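Take a look at the structure below.
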Amino acid sequence: MPTIYLIRHAQASFGKSDYDRLSPQGEQQATLLGKALVARGVSPDLVVSGSMRRHAQTAALAGFTSEVDKGFDEFDHDQVIIAHKPAYRVRAVLLAELARTGHPQRAFQEMFAAATERWVRGGDGYSESFQAFCDRSNDAVRRVAERLGKGETAVVFTSGGPIAAVVSRLLSGGDGLWSRLNPVTINTAITKVVSGRSGLTVVSYNEHGHVDGSELLSYR
C-alpha cells in the first residue's frame with residue numbers, strides 16, 4: 001500500500017527572537033533522523049514539507065530535498081497567544097513574565113495550553129479557526145495520498161499541530177483528540193499512515209526510537 005511518513009520538525013529556537021530556525025540540538029536531531037530513515041529502508045518517491053524554515057531545515061539535514069505545500073504549515077502560534085493575552089503582543093512582556101516564574105519552559109507550556117484551548121473552543125481574534133486549520137491539514141495529507149501509486153512512499157516534514165489534526169480525525173473521525181495529541185508530539189517523531197481501499201489509516205504515531213533515552217529528546 002502507499003505509505004506516508006509524517007515527520008515533526010526538529011527542535012526550533014524556543015525563546016529566541018527568530019523561533020523559526022533549528023537550534024543546535026535540533027540540527028543534531030535532524031541528522032540522526034536521516035540516519036534512522038535510511039536504516040529502516042525509507043526511500044521516498046515524494047518528499048513534501050510545509051513552507052516554514054524549520055520544515056525545510058529538518059528535511060535538508062535529514063538528507064532530502066522537498067517541495068512545498070503550505071497546507072502542512074503550523075497554526076499561527078503568535079496569534080493564538082496574543083488573542084489569549086493581548087499584552088503578549090510585546091514579546092518582552094511575555095519573556096519577562098515567563099522568566100519571573102523561575103521555570104520559563106513549564107510556564108510557557110501552561111500558558112500555551114490555555115491559549116490553544118481558547119482557540120479550539122472557537123474564541124475570536126484568529127485569521128484561521130481551529131476547524132479551518134484541521135480541515136486544511138487533512139486536505140494536505142490527502143493531496144499527498146492522491147499522488148502516490150501502488151507501493152510508493154512519501155515523506156512529509158511538518159509540525160506537531162498538523163500531525164495531531166490528521167491523526168485525530170483518522171482515529172476518531174473528529175478533532176476531539178487534537179488537544180491531547182499535540183502537546184506530546186516529539187521533535188523528529190515519525191507517524192506512519194497508509195493508504196488503502198478504505199482510505200487512510202494510522203499505523204503508528206509519534207515513533208521516536210532514534211532519540212529515545214538520549215538528551216536529544218525534546219517536545220519543544
Side-chain angles (χ1 to χ4, degrees), residues 7-33 50 52-58 61 73-130 133-134 157-165 167-168 175-191 205-220:
I7 299 176
R8 188 188 176 202
H9 62 81
Q11 185 186 64
S13 297
F14 176 82
K16 304 296 184 182
S17 58
D18 183 6
Y19 171 78
D20 192 22
R21 72 169 59 241
L22 299 189
S23 68
Q25 180 172 332
E27 293 176 350
Q28 293 181 63
Q29 291 171 341
T31 300
L32 193 58
L33 167 69
M52 296 170 164
R53 185 188 302 164
R54 56 190 183 271
H55 300 156
Q57 287 182 323
T58 302
L61 287 169
D73 284 357
E74 185 63 283
F75 63 91
D76 189 338
H77 67 276
D78 285 331
Q79 187 179 78
V80 168
I81 290 170
I82 291 168
H84 171 63
K85 190 167 183 178
Y88 289 164
R89 186 180 301 275
V90 180
R91 186 175 181 80
V93 173
L94 169 60
L95 294 179
E97 286 195 11
L98 295 177
R100 280 196 293 271
T101 67
H103 302 281
Q105 288 200 346
R106 184 188 307 168
F108 176 83
Q109 283 305 115
E110 292 174 354
M111 177 277 295
F112 194 59
T116 54
E117 183 63 22
R118 181 182 186 276
W119 178 55
V120 168
R121 291 182 178 276
D124 56 11
Y126 311 104
S127 59
E128 181 179 49
S129 69
F130 174 65
F133 166 72
C134 292
F157 294 89
T158 179
S159 292
I163 294 172
V167 172
S168 180
D175 303 321
L177 295 177
W178 185 88
S179 294
R180 297 174 64 185
L181 294 171
N182 185 55
V184 300
T185 307
I186 292 168
N187 291 117
T188 67
I190 303 166
T191 293
Y205 170 68
N206 211 25
E207 293 181 72
H208 57 280
H210 55 288
V211 294
D212 195 26
S214 80
E215 61 184 13
L216 291 179
L217 190 149
S218 65
Y219 294 88
R220 291 289 178 270

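If you're wondering where the values come from, they're calculated on a predicted model, not measured in any experiment. Just so you know, residue 1 is the first one in the sequence shown, and it goes up from there.
- Arg21 is linked by a salt bridge (Lys or Arg N to Asp or Glu O under 4.0 Å) to Asp18, counting only residues two or more places apart in sequence or in another chain.
- Atom CD of Glu74 sits about 6.0 Å away from atom CG of Asn182, to the nearest 0.5 Å.
- A distance-only check finds a donor-acceptor pair linking the side chain of Trp119 to the backbone of Glu128 [under 3.5 Å].
- Checked options Phe130, Phe133, Tyr126; the residue passing with Phe75 is Phe133 (criterion: ring pair (Phe, Tyr, Trp, His ring centres under 6.0 Å)).
- With sequence neighbours excluded, the residues that form a side chain to side chain contact (heavy atoms under 4.5 Å, CB included) with Gln109 are Arg220.
- Listed by chain and residue number, Ala10, Leu22, Thr58, Leu61 satisfy the side chain to side chain contact (heavy atoms under 4.5 Å, CB included) test with Ala30 (two or more places apart in sequence, or in another chain).
- Listed by chain and residue number, nothing satisfies the salt bridge (Lys or Arg N to Asp or Glu O under 4.0 Å) test with Glu27 (two or more places apart in sequence, or in another chain).
- Under the 3.5 Å distance criterion, the side-chain polar atoms of Arg118 are matched with a main-chain donor or acceptor of Asp124.
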Could you tabulate the donor-acceptor pairs under 3.5 Å formed by side-chain atoms of residues 208-217, not counting sequence neighbours?
from, atom 1, to, atom 2, distance (Å)
His208, ND1, Asn206, O, 2.8
His210, NE2, Thr188, O, 3.2
His210, NE2, Thr188, OG1, 2.9
Ser214, OG, Val211, O, 2.9
Ser214, OG, Leu216, N, 3.1

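- Atoms CG and CE, from Leu94 and Met111 in turn, are 5.0 Å apart once rounded to the nearest 0.5 Å.
- Here Arg121 pairs with Glu117 under the salt bridge (Lys or Arg N to Asp or Glu O under 4.0 Å) rule; sequence neighbours left out.
- Closest of all the heavy-atom pairs between Tyr219 and Val184 is CE2-O, 3.5 Å.
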